[in-house]
There are 2 protein chains.
Amino acid sequence: MVSIKDIAKHAGVSIATVSYALNGNPKVTEETRKKILTVAQELHYVPNAAARTLKKRKTKILGAFLTSFEGAFYGELLQGMKEEMGKRGYDLVICSGTQSHRMLREGFLDGAIILDRLFSDEELLFHATRGHKLVVLDRELSHPNIVQVLLDNKAGATFAVEYLLRHGHKKLYVVTGPTGSYDAEQRLQAARQTVERNGPLWYAEIPGNFDKESGAAAAQRIISEYSGPVAVFCLNDEMVIGMYRALKDTPYRIGEHIHVVGFDHIETADYIQPRLASIDYSKRRWGAVAAEQLLKLIEGLGSEHERIYVSLVEGESVKRS
Amino acid sequence: MVSIKDIAKHAGVSIATVSYALNGNPKVTEETRKKILTVAQELHYVPNAAARTLKKRKTKILGAFLTSFEGAFYGELLQGMKEEMGKRGYDLVICSGTQSHRMLREGFLDGAIILDRLFSDEELLFHATRGHKLVVLDRELSHPNIVQVLLDNKAGATFAVEYLLRHGHKKLYVVTGPTGSYDAEQRLQAARQTVERNGPLWYAEIPGNFDKESGAAAAQRIISEYSGPVAVFCLNDEMVIGMYRALKDTPYRIGEHIHVVGFDHIETADYIQPRLASIDYSKRRWGAVAAEQLLKLIEGLGSEHERIYVSLVEGESVKRS
DNA sequence: TTGTATGCGTTATCAT
DNA sequence: ATGATAACGCATACAA
């Protein structure tokens, strides 16, 4: 391995001068700087991240933690983060699984964006207390080193339920999300409120898990007790996909017997038949805003909690009852 | 920051003893080991990755480089890698963009899996020569520190074309992939061979880019010159999705006027109507095999190039002509 | 079994 | 403008 020491030797200068030259410190003459750069090139010098980090206590790498890599959900979100961070000279790495929490602990990362149930609030607070900068996308958590960038779940759920009611439906199912999920809880709570506010109507909740399987199971249950057109609010789109599949080989039709609206407006929602009505928001923007806040936090500028607004996208999965 | 030095002081031992105790070195008494561990706990000691890495020249972190985070394609692949690596005590991070190549260069990573056109062959050879261990998923490249884990593209493309011909089609389009893509080139080459081998038939190629837009454009071209049922082999599924969308508001029907088979068998392919015929392979297995080979390479065990086999999944997107 | 001492490659302070 | 040198936190060869 070739180090600045080798460069110093070959160039006939001290390692300090080499370091200065390599880092563009103006204290060194243009002439010697050039020579040093040339030598570095010739020797194929590559800086050593570990040494630099040990000294500077900064890696210029940020992490995004996801519960899982699966789900067509994350692409745009991550792209939004990456672009924003790249502009500012930071690199982004995506991590998943409790095992990899050590990267945050041990200082591989200057900060992280969390969208990952596998982190407990306690653990995040612990990291924050140790000086790590965090942006949380999936919970409310208060600490000077933590900023929240949350979806406006309540607005979305309200839009969804009102949309169904507006189409004259009087019988409503909500397919819920995993217990402990902040987004799921917020959505459910707002859905219940909207139902209450809109007078007497038949209402039931089916436990879901945000995955296709639970969506399919919900569909089974719905058709098993079917006695006339129903409306369904699935707390995310993924479950709706499962529902479509489960209904495929039955006589029940989406948009006719079962009217459904989802949440997230994932890409697939535009391709399934009939097109799915869903709550939409810019995933890219969500990622970009999160990244921006994290950078502000790290660079000591003022950072604030942010909210990502949502809107309803209509679809043929909902018709008049 | 609390270091082993602090622990040593509090426990009344030397830093060497602390280091031994922390690393489970049997040279230290169970008694002192316990005391040291207790003190470490009390002080909330967290090891410093940079220091450890500087000394050991290993991070126990592996990278997967992707051209982009977008596309519903990667979830399972990455999950396969993560599981395999996790078992062996390695962490996985996902990286994208040339900017982040420095992580490989500067020693943040012990090795990497490459599925990323943004790496040139030269760059990869450079890294390999510097001692980095690599697994490539998207090219043929020979070096003692590089192993290939490639899809059997040729078999897949052959299956696809034969499937179309078997259904009596005499007019065939191939929608190609981006120039320079190994997978695209392999598939195209095999498709051409299969066409030649199967006697005279009308054949044309439409340049594609592996994204939805180019699929939609291809659909436009096909209907603009439509004069009777045609068969289409899209070199990946993503383009087929674009094709479905473009055809949606036209009188032309998939599986009736336009018979199409894709490649990759992405999840969406099972949900679009009619269900897409496509070339399938286990993405999870691809990831797991790649991870396994990378680990063998790193641990100096013998590693070999591997091939991932593919199969045809039928669908209603292809019917008899 | 435990302690001492050295070095990993870099940055940065202080001399010169 | 350049050089000598002391950290940074840890692992480990060697001494005790």
Side-chain angles (χ1 to χ4, degrees), chain A residues 1-37 39-40 43-61 102-103 105-110 130-132, chain B residues 1-40 43-61 102-110 130-132:
Chain A
M1 168 170 230
V2 28
S3 74
I4 55 171
K5 199 183 283 184
D6 302 304
I7 302 182
K9 208 171 295 172
H10 283 254
V13 296
S14 78
I15 61 164
T17 307
V18 175
S19 179
Y20 290 142
L22 256 27
N23 293 301
N25 189 315
K27 291 201 290 191
V28 64
T29 331
E30 186 56 26
E31 190 189 7
T32 52
R33 211 179 70 85
K34 261 196 184 132
K35 185 165 78 189
I36 288 171
L37 256 38
V39 174
L43 298 184
H44 299 297
Y45 167 74
V46 171
N48 180 306
R52 183 183 351 100
T53 304
L54 182 58
K55 196 66 193 154
K56 311 225 326 176
R57 324 191 71 71
K58 274 177 198 152
T59 60
K60 287 262 177 182
I61 300 177
R102 72 171 173 103
M103 299 195 197
R105 268 205 315 273
E106 302 183 352
F108 269 108
L109 307 173
D110 287 353
R130 292 196 61 243
H132 289 115
Chain B
M1 169 169 228
V2 28
S3 74
I4 55 171
K5 198 184 283 183
D6 301 302
I7 302 182
K9 207 173 296 172
H10 282 255
V13 296
S14 77
I15 60 165
T17 308
V18 174
S19 180
Y20 290 141
L22 256 27
N23 292 302
N25 189 315
K27 291 198 291 189
V28 65
T29 333
E30 186 57 23
E31 190 188 6
T32 53
R33 212 179 68 85
K34 258 193 187 137
K35 185 164 78 186
I36 288 170
L37 257 39
T38 312
V39 174
L43 298 184
H44 299 299
Y45 168 72
V46 171
N48 180 306
R52 181 177 1 93
T53 303
L54 183 57
K55 195 71 192 152
K56 310 226 323 177
R57 324 193 71 72
K58 275 177 196 149
T59 60
K60 286 262 178 182
I61 300 178
R102 71 169 174 104
M103 298 196 198
L104 192 49
R105 269 204 316 272
E106 301 183 351
F108 270 109
L109 306 173
D110 287 354
R130 292 197 61 242
H132 288 116

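Proteins get letters first, then strands, A, B, ... in listed order; numbering begins at 1 in each.
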### Summary
Readout for nucleotides 10-16 of chain D: B = base within 4.0 Å of protein heavy atom, S = sugar-phosphate only, - = neither; 5' to 3' it is BBBBB--
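Scanning for side chain to side chain donor-acceptor pair (under 3.5 Å) contacts around A:R105 gives an empty result, with sequence neighbours left out. Take B:L43 and apply the side-chain contact (heavy atoms from CB on, under 4.5 Å) test, not counting sequence neighbours, and it matches B:V2, B:D6, B:I7, B:H10, B:V39. Under the rule for a side chain to side chain donor-acceptor pair (under 3.5 Å), the partners of B:S14 that lie at least two apart in sequence or sit in another chain are B:T17. Shown here are the side-chain contact (heavy atoms from CB on, under 4.5 Å) partners of B:T53, two or more places apart in sequence or in another chain: A:A50, A:F108, B:T59.
Rounded to the nearest 0.5 Å, atoms CD1 (B:I36) and CD (B:E31) are 10.5 Å apart.
Helix bend of the helix from C:dT1-D:dA16 to C:dT16-D:dA1: the angle between its two end axes, each built from five pairs, comes to 40° after rounding to 10°.
The CG-C1' distance, from B:L54 to C:dT10, rounds to 8 Å in whole Å. For B:R57 and C:dG7, the CZ to P distance is 15 Å, given to the nearest whole Å. Taking atom NZ of residue B:K34 and atom P of nucleotide C:dT2, one finds them 14 Å apart after rounding to whole Å.
A donor-acceptor pair under 3.5 Å links the side-chain atoms of B:N25 to the main chain of B:K27, judged by distance alone. Checked by atom type and distance alone, the side chain of B:T38 pairs as donor or acceptor with a backbone atom of B:K34 at under 3.5 Å.
In terms of phosphate contacts, B:T32 brings no side-chain nitrogen or oxygen within less than 4.0 Å of OP1 or OP2 of C:dT1. Within the 4.0 Å cut-off from OP1 or OP2 of D:dT2, at least one side-chain nitrogen or oxygen of A:T29 is found.
Taking all atoms of both residues into account, the shortest heavy-atom contact from A:R57 to B:M1 is NH2-SD, 2.7 Å.
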